[in-house]
Amino acid sequence: CNSTDYFWQQQQQLGSSNVSVIGGINITAAIPDYQYPTLNKRLPDGTELNHQYERGDEYFDDSVPFGGIYIEYINSVVKISNGDIQNVTF
């Protein structure tokens, strides 16, 4: 991506790990479709819904959480934001 870690290193040297940059926001993200292994849903019985399945009622059911690499990544970003990102709703 033709970039460097200059700004990251600058932040690390300043020791400013608890700085609020975006003010504790909430994010709502739209999920376009199942894209295994990046986006999927897992039913309570362990069935993993992915690109092989049609988008049925479970796709729109918020009690069946989204999962996959993208979701894990965003959850990790939220965790290391130290509260700067309050919540992400998929």
Side-chain angles (χ1 to χ4, degrees):
C1 65
N2 200 23
S3 64
T4 69
D5 67 344
Y6 171 77
F7 292 108
W8 171 258
Q9 293 300 328
Q10 191 175 29
Q11 282 295 103
Q12 290 295 98
Q13 289 173 1
L14 294 174
S16 55
S17 62
N18 291 324
V19 173
S20 178
V21 176
I22 52 180
I25 65 168
N26 293 307
I27 298 173
T28 301
I31 306 293
D33 206 352
Y34 298 133
Q35 300 171 349
Y36 187 80
T38 55
L39 295 169
N40 57 61
K41 281 195 165 196
R42 186 180 305 270
L43 297 177
D45 69 1
T47 303
E48 193 171 80
L49 303 174
N50 53 52
H51 68 281
Q52 297 174 351
Y53 292 89
E54 293 293 323
R55 286 189 300 166
D57 292 338
E58 73 286 333
Y59 179 82
F60 300 99
D61 184 351
D62 290 337
S63 70
V64 180
F66 279 98
I69 296 168
Y70 287 158
I71 305 303
E72 292 170 15
Y73 172 75
I74 291 299
N75 289 337
S76 295
V77 170
V78 170
K79 186 175 179 179
I80 66 172
S81 79
N82 292 325
D84 209 18
I85 301 172
Q86 294 288 315
N87 182 45
V88 177
T89 303
F90 302 103

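The chain is numbered in sequence order, starting from 1.
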Study note, to complete from the structure: Between Ile71 and the options Asn75, Ile74, Ile69, the side-chain contact (heavy atoms from CB on, under 4.5 Å) test singles out Asn75
Exercise for review: Inspect the surroundings of CG in Asn87 and state if more than 12 heavy atoms from other residues, nucleotides or ligands are less than 6.0 Å away.
Suggested key: yes
Study note, to complete from the structure: d(Leu43 CG, Glu58 CD) to nearest 0.5 Å is 6.0 Å
Review point. Phe66: what forms a ring-ring contact (aromatic ring centres under 6.0 Å, His included) with it, not counting sequence neighbours?
Key: Tyr59
**Study point:** Closest non-hydrogen atom pair, Asp61 against Ser63
**Key:** OD1-OG, 2.7 Å
Exercise for review: Would you check if Asn26 and Thr89 make a side-chain contact, meaning some heavy-atom pair closer than 4.5 Å?
Suggested key: no
Exercise for review: Measure across Val64 and Lys41 and return the closest heavy-atom pair with its distance rounded to 0.1 Å.
Suggested key: O-NZ, 2.8 Å
